[in-house]
There are 2 protein chains.
Amino acid sequence: MKMTEGVEWTAHACALLAALPPGIGLPANALAEFHALAPAYMAKHMQALARGGVVESVRGAGGGYRLARPATDISLWDIVEAIEGAEPAFRCSEIRQQGPCVTPNGDFRKPCEIHSAFGKAEMAWRAHLKSVSLADIATEVTRKSSPQKRAAVTVWLQEKLA
Amino acid sequence: MKMTEGVEWTAHACALLAALPPGIGLPANALAEFHALAPAYMAKHMQALARGGVVESVRGAGGGYRLARPATDISLWDIVEAIEGAEPAFRCSEIRQQGPCVTPNGDFRKPCEIHSAFGKAEMAWRAHLKSVSLADIATEVTRKSSPQKRAAVTVWLQEKLA
DNA sequence: CTATTGCGGACATTTAGCATCCGGATTATA
DNA sequence: TATAATCCGGATGCTAAATGTCCGCAATAG
């Protein structure tokens, strides 16, 4: 049960985009640089976010990525879904239908209890992720950071957006 | 975000053990045979369950595995923890502490917002798994299975427990 | 003593994640 | 129109983890 690093990378990248004025974006290179991450790999992940409809891409010089919707309408689940897909972590392979005691006619119309318990647990997990928006994250991060930090970010952004 | 097959295998095995009279167990071979699973690999997983305190092992002829506690006191989470460990799926690598805008003095005493959001989601997931006991599973499985199925299981068990 | 069974380690195979690079397409700007 | 910046998708290689087997050792019932 491990989540890929891509989720962490893109979540932080999106939090940064959410702190920008609406409609403004940054190229993948800058997003990687901000957290000192491998640029080529970050670019791959951003492409996945774009395919998933979380961000919009703008090609060509001066282009980059920006949020596809207001930050209040993008949840952490949207990011997980774009990077890792919507497949449940628990994959039921219906082993109850195998073995020496299976009865020929269907006992399997009813769902597998174990499958459904894990399914419900995962729905609870997703529900919590859906309840947290990028706006929530960005607001808290800004609120908790020191004035020095905020100043450093502002300077860096001005250089990148110039 | 994938769970290992071992969790599915052992969850079904434990559900079978939970349906047995208290104190009665089965060898790993039988547990594998019941769901037509690879015996050697199932044995590995059962050893992990034993290390995790979910089942007790009895060595030697006539031995095998039995639940370490009443089925009402064993949750699906106990099984996940024994097989996959208690590490969170989301691993925060604190990338917020990297990059051109980090301020020298600690902005990091406060927890990472993204980390804590994923942490809470995962707690919700675990809480649901903790709320489902093997007794719950076993009861439902038995209740929903046909008389033919129940009869087949009884016959098979009598052979294995002889 | 022997057959059965669990235990742990070594090992091989397969799959998934991590990471890079390249050629092609798009677009702003000089 | 030429150039540089940028995204896109595919190909590729490396590493780590999951999957699966096997063996020798220890314990135990008969």
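Bear in mind that the values here come from a model prediction, so they are computed numbers and not experimental data. Just so it is clear: chains get the letters A, B, ... in the order the sequence lines come, proteins before strands, and each one is counted from 1.
Spacing between atom CD of A:E8 and atom P of C:dA19 amounts to 12 Å, rounded to whole angstrom units. Between the P atom of D:dT6 and the CZ atom of A:R66 lies a distance of 15 Å, rounded to the nearest Å. If you measure from atom CG of A:L49 to atom P of D:dC8, you get 11 Å, rounded to the nearest angstrom. The CG atom of A:L37 sits 12 Å away from the P atom of C:dC18 (whole-angstrom rounding). Straight-line distance from the NE2 atom of B:H45 to the P atom of D:dG20: 8 Å, rounded to whole Å. The separation between A:M1 atom CE and D:dA17 atom P is 16 Å, rounded to whole Å. For the pair B:Y41 OH and C:dT14 P, the interatomic distance rounds to 15 Å; values are reported in whole Å. Summarising the geometry, the separation between CD1 on B:I83 and P on D:dT19 is reported as 11 Å, rounded to the nearest angstrom.
Paired with B:L16 under the rule side-chain contact (heavy atoms from CB on, under 4.5 Å), one option of B:L134, B:V141, B:L31 passes, and it is B:L31.
Pairs of residues two or more places apart, or lying in two chains, that qualify as salt bridge (charged side-chain N to carboxylate O under 4.0 Å, His left out) and include a residue from residues 65-81 of chain B are B:E56-B:R66, B:R69-B:D78. Sorted by first and then second residue, the pairs that involve residues 148-162 of chain A and meet salt bridge (charged side-chain N to carboxylate O under 4.0 Å, His left out), not counting sequence neighbours, are A:E33-A:K160.
Taking the side chain of B:A40 as heavy atoms from C-beta on, and the options C:dT20, C:dG17, D:dT21, the nearest nucleotide is D:dT21. Listed nucleotides D:dA18, C:dA19, D:dG20 differ in distance to B:W9; the shortest reach to its side chain belongs to D:dG20.
Side-chain N/O atoms of B:E5 and A:S93 include no donor and acceptor closer than 3.5 Å.
A donor-acceptor pair under 3.5 Å is absent between the side-chain atoms of B:E113 and the main chain of A:E140, judged by distance alone. A donor-acceptor pair is defined here as one N or O able to donate and one able to accept, closer than 3.5 Å; no such pair exists between the side chain of A:Q148 and the backbone of B:T103.
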Nucleotide by nucleotide, 5' to 3', does protein get under 4.0 Å of the base (B), only the sugar-phosphate (S), or neither (-) in nucleotides 4-10 of chain C, counting heavy atoms?
BBBBBBB
